[in-house]
Amino acid sequence: MKRKLVFATNNAHKLEEVKEVVGENFDILSLKDIGCYEDIEEPGETLEENALIKACYVKEKYGYDCFGDDTGLEVDALNGAPGVYSARYAGGDHDAKANMKKLLKELDGITNRKAQFRSVIALILDGKEYMFEGKIEGVIITEEKGSAGFGYDPIFQPDGYTETFAQLGMDVKNNISHRALATKALCEFLKKI
């Protein structure tokens with residue numbers, strides 16, 4: 001019998017990516033699946049704090065074992081910004097186009113365009129907390145390319161590739177992305193239980 005776990009997200013793109021990586025081994029439920037329609041606040045100052053806040057919220061209010069994640073794009077030339085504020089970099093409305101526009105403007109004329117995507121997953125299982133991390137390094141290109149993916153995918157080109165996440169498509173991205181790596185670490189852990 002598959003083990004049920006809630007993924008504390010309302011983001012359909014994230015849910016799709018995680019289900020793709022997890023495959024048939026686990027029954028991943030969304031917040032909607034458990035009747036949670038609240039927007040879980042993320043007041044933490046680190047990715048780790050925000051991921052744990054989301055997982056704790058579901059465990060405390062709904063009783064399910066749960067994992068939450070937070071992801072940030074960390075740009076070297078901006079001292080790790082936008083980081084924990086990646087989704088609301090240009091304001092609180094999570095506007096991906098506005099976020100990319102702001103980032104490209106801030107990097108205008110800067111030659112060091114190194115960046116990394118980092119995902120942290122906090123798992124609450126059987127009353128214990130666990131953390132998993134995945135990261136992928138790359139560069140921020142100067143203009144948007146590609147239409148797949150979401151967030152900063154059109155301007156992030158992972159090391160070893162000549163295309164952005166948005167050009168590579170979900171199959172490739174789901175094998176190499178920060179979220180995929182964190183999710184694989186989570187799955188490896190769950191398989192050992």
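On a predicted model such as this, the values are computed, not experimentally measured, just so you know.
Between I121 atom CD1 and L47 atom CG the span is 12.0 Å, to the nearest 0.5 Å. Rounded to the nearest 0.5 Å, atoms CD1 (I28) and NZ (K19) are 8.0 Å apart. One distance of note links CZ of R113 with CG of L78; it measures 9.5 Å at 0.5 Å rounding. Expressed to the nearest 0.5 Å, how far OG1 of T142 lies from CG of D108 amounts to 9.5 Å. Note: E188 CD to L186 CG = 10.0 Å, rounded to the nearest 0.5 Å. The CG atom of L104 lies 8.5 Å from the CD1 atom of I141; values are rounded to the nearest 0.5 Å.
Residues V6 and D65 fail the side-chain proximity criterion, which asks for heavy atoms closer than 4.5 Å. Annotation: side chain of V120 is not in contact with side chain of L52 (no heavy-atom distance under 4.5 Å). Side-chain contact check for F165 versus I155: every heavy-atom pair is 4.5 Å or farther apart. Residues E49 and T46 meet the side-chain proximity criterion, which asks for heavy atoms closer than 4.5 Å. Residues D69 and K14 are in side-chain contact: their nearest non-hydrogen atoms beyond the backbone lie under 4.5 Å apart. Annotation: side chain of Y37 is not in contact with side chain of L31 (no heavy-atom distance under 4.5 Å). Looking only at side-chain heavy atoms (C-beta outward), M170 and N175 stay at 4.5 Å or farther from each other. Taking 4.5 Å as the limit, every side-chain heavy atom of L29 sits out of range of all side-chain heavy atoms of L5.
Hydrophobic cluster membership is shared by Y152 and L168, with clusters built from Ile, Leu, Val, Met, Phe, Trp and Tyr side chains linked at under 4.5 angstrom. Both L15 and F67 sit in one connected hydrophobic cluster of ILVMFWY residues. Membership requires side-chain heavy atoms under 4.5 Å apart, directly or through other members. No single ILVMFWY cluster, assembled from side-chain heavy atoms under 4.5 Å apart, contains both Y64 and L123. When the side chains of ILVMFWY residues are joined at heavy-atom separations under 4.5 Å, either directly or via intervening members, F156 and V172 end up in a single hydrophobic cluster. Tracing side-chain contacts under 4.5 Å through hydrophobic residues (I, L, V, M, F, W, Y), one reaches L125 starting from F132; they form part of the same cluster.
With a 6.0 Å radius and a threshold of 12 heavy atoms from other residues, nucleotides or ligands, K184 has its NZ atom above the threshold.
For R179 (side chain) and V18 (main-chain N/O), no donor-acceptor pair under 3.5 Å exists by modelled atom type. Between the side chain of N99 and the backbone N or O of Y89 there is at least one donor-acceptor pair closer than 3.5 Å. Within the 3.5 Å criterion, the main-chain N or O of G44 finds a donor-acceptor partner in the side chain of N50. Distance alone, capped at 3.5 Å, places no donor-acceptor pair between the N174 side chain and the D171 backbone. Between the Q167 side chain and the T164 main chain, a donor and an acceptor come within less than 3.5 Å of each other.
Across every non-hydrogen atom of G169 and A148, the tightest pair is CA-CB, 4.3 Å. Residue L107 comes nearest to A77 through the heavy atom pair CD2-CB, 4.2 Å, listed as atom of the first residue, atom of the second, then distance. The two residues G68 and A8 come nearest to each other via the heavy atoms CA-CB, 4.2 Å. When all heavy atoms of K145 and A166 are compared, the closest pair comes out as O-CB, 3.5 Å. In this structure, E42 and D70 approach most closely via the heavy-atom pair OE1-OD1, 3.5 Å.
Each side-chain hydrogen bond (donor to acceptor under 3.5 Å, both in side chains) pair with one or both residues in residues 116-126, not counting sequence neighbours, appears once here: R3-D126, E48-R118, T71-S119, E74-Q116, E74-R118, R118-E133.
Electrostatic pairing of E137 and K114 does not count as a salt bridge here, judged by no charged N lying under 4.0 Å from a carboxylate O. A salt bridge links D153 with K173: at least one charged nitrogen is closer than 4.0 Å to a carboxylate oxygen.
For K101, the side-chain contact (heavy atoms from CB on, under 4.5 Å) test picks out no residue, with sequence neighbours left out.
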I'd like a table of donor-acceptor pairs (distance under 3.5 Å, sequence neighbours excluded) in which one partner is a side-chain atom from residues 80-88, with atom names and distances.
| unit_1 | atom_1 | unit_2 | atom_2 | d |
| --- | --- | --- | --- | --- |
| S86 | OG | L73 | N | 2.9 |
| S86 | OG | G83 | O | 2.6 |

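Using cut-offs of 30° and 60° for the angle between ring planes, the F189 and Y130 rings count as tilted.
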*Applying side-chain contact (heavy atoms from CB on, under 4.5 Å), run through K97 and E144 and close with a yes or a no.*
CA-CA 10 Å; K97 287 277 188 194; E144 294 178 42; 2.8 Å; yes
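Looking at E41 and Y57, their side chains never bring a donor and an acceptor atom within 3.5 Å of each other.
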